[in-house]
Enquirer: 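Following this message is one structure expressed as structure tokens.
Counting starts at 1 for both ligands and their atoms, in listed order.
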Amino acid sequence: MKQYRNYIGGAWVESAKIFDDHNPVDGSLVARVHEADKEMVDAAIRAGHGAVSGAWGKTSVADRAALMYRIADEIDRRRNDFLEAEIADTGKPYSMASTIDIPRGAANFRVFADILKTASLDSFRMDLPGGAHAINYAVRKPLGVVGVISPWNLPLLLLTWKIAPAMACGNAVVAKPSEETPGTATLLAEVMHAVGVPPGVFNLVHGFGPGSAGEFITTNPDINAITFTGESRTGTAIMRAAAEGVKPISFELGGKNAAIIFADCDMEQMLDGMMRAIFLNSGQVCLCSERVYVERAIYDRFLTALVDRVKGLKFGWPNDAETSMGPLISAEHRDKVLSYYALAKEEGAQVLVGGGVPSFGDDRDNGFWVEPTVIVGLAQDARCIKEEIFGPICHVSPFDSEAEVVALANDTRYGLAATIWTTNVNRAHRVSQAMRVGLCWVNSWFLRDLRTPFGGAGLSGIGREGGMHSMNFYSELTNVCIRVDGEPQ
Ligand code: NAD
Ligand code: 6OD
């Protein structure tokens, strides 16, 4: 049986406390995972400080950028190992892991290496009374040791989205992947070791949140910043811990995202896009559309076409080329999603398709599957309209005017993403600018340029990552102000 160990100060560290990592397709055991205790997490943070105050703290931009490229190249070289580990931990289809998760893991290192090499800093001249002047310029320095805590839905993609810019900026990291998906993070530690990342720069600790590695990171007084992706509720707990010591935080949290479909949209393009926006990764993408608003003129046509396509989704073994949908991540998460399926009915929803658990007649019946589901008929204040479900389900409702749908879409405490479908360019600009979200796609969804700001408003997060936004979060900027007197001689 595979063993996933911690990687601390450049060495593999075992623990007496082991937990099991399951394959959600059939519940089988993937690996035994070594849970880091408090001493191990403390040692990882000390190792990070040792690296930052040592040779790593003095590396040139060019050397760090070259190292980022070597990491990306090694992820590419070990692509099949990464695919196997990601698929075993998540059950997601090969078609998704091979086109999104693993390539983005490598791309995250390359893009931040490139940004690092071209990143500019502020410089201002200020004229003073009497003829003197002052020159201001900013200097970029690492924050120190950054705690990176990530979720299970896009394990390698989301972990490297934070580790790459943090390391590019000269920090050390202590990374804790989700307890559900320790596989690709462990391979990433192997990659770091193989390409010669100095000991202490990248540390990996396995474990859970409260009372485990997650809490040990966030409560350690020597951690210099915390970057977290996960549930909004967990964000609250981490923010409390970070308040002690006033640690910088970057939070990418949950969503209850709206899709707005106007009658003038390109119907086929929109249906292809909406199938992804609702069901990609079995709805377990923070950007997924759980609330779909459709202009009344095409409401019935949309529902018929959507339900038809949902019936064509193929659950299956991840490596089967036909498979378009995998299981949910765990029994606990399946039970949560099924509780929302039940709640929807209690709240008066009509289930147009799905609503149950598929039956396979083989080992997959021990896995964590639910049917893709489309519901209608809920009131705007129903819990299923207000709360993030994070499964393959959407509620569809009709609207009659632009003003009405903007109000409906913004009627949420979250504020992560929206997707708008229309061929009217004026409307596209008007409505997207009115969305109270961090990310608004038009005639597309989850189309990513990694230089752009990524993050959410309200319950969906604090701060933006991506491009220079990441560089600025993972840096301490010092402004140098020099007074210059006299005239040139
Ligand atoms: P989660 O909050 O349960 O766990 C995320 C990570 O936090 C895990 O590593 C977990 O062990 C750790 N953790 C849990 N409690 C902790 C604590 N008290 N202290 C420190 N660490 C703790 O989230 P999840 O179930 O893994 O992921 C699903 C959630 O993530 C959804 O809400 C989804 O919307 C959100 N998400 C958001 C984004 C985004 O970019 N906004 C991206 C992906 C997922
Ligand atoms: O694409 C990204 O950079 C990113 N952070 C995606 C998040 C997806 C949420 O599940």
Side-chain angles (χ1 to χ4, degrees), residues 19 33 35-36 41 90 100-101 103-105 107-108 111-112 147-162 164-165 174-182 185 205-220 223 226-242 249-257 280-281 283-288 290 328-330 332-333 336-337 387-391 414-417 437-439 441 445-467 469-470:
F19 64 92
V33 190
E35 182 180 348
V41 173
T90 60
I100 298 180
D101 297 76
R104 260 297 298 279
N108 285 339
V111 83
F112 285 110
V148 178
I149 300 178
S150 59
W152 44 258
N153 61 327
L154 302 166
L156 183 71
L157 185 159
L158 291 171
L159 193 66
T160 53
W161 176 240
K162 294 172 179 298
V174 176
K176 195 203 82 65
S178 168
E179 55 275 28
E180 305 287 356
T181 52
V205 291
H206 289 297
F208 303 81
S212 183
E215 184 181 318
F216 302 149
I217 292 175
T218 59
T219 53
N220 186 303
I223 203 85
I226 299 166
T227 176
F228 167 73
T229 301
E231 277 194 41
S232 305
R233 225 187 353 237
T234 311
T236 304
I238 293 179
M239 204 165 167
R240 278 203 190 97
I249 49 172
S250 177
F251 279 178
E252 297 187 341
L253 308 178
K256 187 72 184 179
N257 310 303
L280 184 75
N281 208 33
Q284 301 168 118
V285 178
C286 59
L287 312 162
C288 277
E290 292 188 358
L328 299 180
I329 191 68
S330 62
E332 188 191 356
H333 189 54
K336 175 187 158 188
V337 170
E387 298 172 15
E388 182 186 50
I389 300 173
F390 217 54
Y414 290 97
L416 188 56
V437 292
L439 304 150
W441 279 282
W445 175 81
F446 197 9
L447 183 58
R448 296 282 289 114
D449 180 328
L450 306 185
R451 297 167 299 185
T452 58
F454 186 99
L459 280 185
S460 294
I462 296 179
R464 296 292 181 271
E465 295 192 14
H469 304 276
S470 294

Enquirer: Considering the heavy atoms of F228, write down every atom of ligand 1 situated less than 4.0 Å from one of them.
Expert: 2 (O), 5 (C), 6 (C), 7 (O)
Enquirer: Test your reading of the model: is there a side-chain donor-acceptor pair from K256 to the backbone of E387, 3.5 Å cut-off?
Expert: yes
Enquirer: Does the T218 side chain pair with the main chain of E215, one donor and one acceptor, at a distance under 3.5 Å?
Expert: yes
Enquirer: Any non-hydrogen side-chain atom of L159 less than 4.5 Å from a side-chain atom of V148?
Expert: yes
Enquirer: Which heavy atom of G105 sits nearest to which heavy atom of L156, and what is that distance?
Expert: CA-CD2, 3.8 Å
Enquirer: N or O contacts of ligand 2 with protein under 3.5 Å, please list pair by pair.
Expert:
| unit_1 | atom_1 | unit_2 | atom_2 | d |
| --- | --- | --- | --- | --- |
| ligand 2 | 1 (O) | R104 | NH1 | 2.9 |
| ligand 2 | 1 (O) | R448 | NE | 2.7 |
| ligand 2 | 3 (O) | R104 | NH2 | 2.8 |
| ligand 2 | 3 (O) | R448 | NE | 3.4 |
| ligand 2 | 3 (O) | R448 | NH2 | 2.7 |
| ligand 2 | 10 (O) | N153 | ND2 | 2.8 |
| ligand 2 | 10 (O) | C286 | N | 2.8 |

Enquirer: Among all protein heavy atoms in this structure, tell me which lies nearest to atom 35 (C) of ligand 1, with the distance rounded to 0.1 Å.
Expert: G230 O, 3.3 Å
Enquirer: Is N153 in polar range of ligand 1, meaning some N or O pair under 3.5 Å apart?
Expert: no
Enquirer: Can L253 and F228 be said to form a side-chain contact (heavy atoms from CB on, under 4.5 Å), step by step?
Expert: CA-CA 8 Å; L253 308 178; F228 167 73; 3.4 Å; yes
Enquirer: Just jot down the side chain to side chain contact (heavy atoms under 4.5 Å, CB included) partners of L287, sequence neighbours excluded, or say none.
Expert: V285, L416, A417, L439, W441, W445, F446, F454
Enquirer: Less than 3.5 Å between some nitrogen or oxygen of S232 and one of ligand 1, yes or no?
Expert: no
Enquirer: Suppose I only count heavy atoms of L158 and a 4.0 Å limit; which atoms of ligand 1 are within that range?
Expert: 42 (C), 43 (C)
Enquirer: Under 4.0 Å from ligand 1, counting heavy atoms only, is it the side chain of V285, its backbone, both or neither?
Expert: neither
Enquirer: Identify the protein heavy atom lying closest to atom 24 (P) of ligand 1, giving its residue, its atom name and the separation to 0.1 Å.
Expert: W152 NE1, 3.3 Å
Enquirer: Mark yes or no for whether H206, through its side chain, and F19, through its backbone, hold a donor-acceptor pair below 3.5 Å.
Expert: no
Enquirer: Keeping the roles fixed (side chain from R464, backbone from G456), state whether a donor-acceptor pair exists under 3.5 Å.
Expert: yes
Enquirer: Side-chain contact test, heavy atoms from C-beta onward, threshold under 4.5 Å: evaluate it for T90 versus Q284 and give yes or no.
Expert: no
Enquirer: Any atom of ligand 1 sitting under 4.0 Å from a heavy atom of G455?
Expert: no
Enquirer: For R448, what residues pass the side chain to side chain donor-acceptor pair (under 3.5 Å) criterion, not counting sequence neighbours?
Expert: none
Enquirer: Among all protein heavy atoms, pick the one closest to atom 11 (O) of ligand 1 and tell me residue, atom and distance.
Expert: E179 OE1, 2.7 Å
Enquirer: When you measure from the side chain of N220 to the backbone of V41, do you find a donor-acceptor pair of N or O atoms at a distance under 3.5 Å?
Expert: no
Enquirer: Starting from atom 23 (O) of ligand 1, find the nearest protein heavy-atom neighbour and note its residue, name and distance.
Expert: E231 N, 3.4 Å
Enquirer: With heavy atoms of P177 as the reference, note each atom of ligand 1 found under 4.0 Å away.
Expert: 9 (O)
Enquirer: Verify, without hydrogens or angle tests, whether S460 (side chain) and G254 (backbone) share a donor-acceptor contact under 3.5 angstrom.
Expert: yes
Enquirer: Starting from atom 15 (N) of ligand 1, which protein heavy atom do you reach first, and at what distance in Å?
Expert: T234 CG2, 3.2 Å
Enquirer: Residues two or more places apart in sequence or in another chain: which of them pass side chain to side chain contact (heavy atoms under 4.5 Å, CB included) with T229?
Expert: P151, L158, K162, E252
Enquirer: Scan the protein's non-hydrogen atoms and note whether one is under 4.0 Å from atom 4 (O) of ligand 1.
Expert: no
Enquirer: What I want to know is whether P151 and ligand 1 share at least one N or O pair that is separated by under 3.5 angstrom.
Expert: no
Enquirer: Checking contacts here: is it the side chain or the backbone of L253 that comes within 4.0 Å of ligand 1, counting heavy atoms only? Could be both or neither.
Expert: backbone
Enquirer: Can you sort out which atoms of ligand 1 are near I238, meaning under 4.0 Å from one of its heavy atoms?
Expert: 19 (N), 20 (C), 21 (N)
Enquirer: Do the side-chain N and O atoms of T227 and E465 include a donor-acceptor pair separated by under 3.5 angstrom?
Expert: yes
Enquirer: Under 4.0 Å, counting heavy atoms only: does G461 come that close to any atom of ligand 1?
Expert: no
Enquirer: When only distance counts, is T218 in polar contact with ligand 1, meaning an N/O pair under 3.5 Å?
Expert: no
Enquirer: Considering distance alone, does some N or O of T229 sit under 3.5 Å from an N or O of ligand 1?
Expert: no
Enquirer: Looking only at heavy atoms, which two atoms of L328 and G391 are closest? And how far apart?
Expert: CD2-CA, 4.5 Å
Enquirer: Can you report which non-hydrogen protein atom sits closest to atom 8 (C) of ligand 1, along with the distance?
Expert: S150 O, 3.3 Å
Enquirer: Measure the spacing between CZ of F216 and CD1 of I223 and express it to the nearest 0.5 Å.
Expert: 13.5 Å
Enquirer: Can a donor-acceptor pair be found, under 3.5 Å and without considering hydrogens, that links the side chain of E290 to the backbone of I389?
Expert: yes
Enquirer: Given F390, Y414, F216, which has its nearest heavy atom closest to atom 28 (C) of ligand 1?
Expert: F390
Enquirer: So if I count the atoms of ligand 1 from 1 in the order they appear, which ones are less than 4.0 Å from some heavy atom of E215?
Expert: 19 (N), 20 (C)
Enquirer: May I ask you to list the atoms of ligand 1 that are less than 4.0 angstrom from any heavy atom of S178?
Expert: 9 (O)
Enquirer: Is a side-chain N or O of T160 found less than 3.5 angstrom from the main chain of N108, in a donor-acceptor match?
Expert: no
Enquirer: Write out the residue and atom name of the closest protein heavy atom to atom 31 (C) of ligand 1, then the distance separating them to 0.1 Å.
Expert: E388 OE1, 3.4 Å
Enquirer: Is there a donor-acceptor contact under 3.5 Å from the side chain of N257 to the main chain of C286?
Expert: yes
Enquirer: Which bit of F208 is near ligand 1, meaning a heavy atom under 4.0 Å away: side chain, backbone, both or neither?
Expert: backbone
Enquirer: For atom 39 (C) of ligand 1, what's the nearest protein heavy-atom neighbour? Residue, atom name and distance, please.
Expert: C286 SG, 3.2 Å
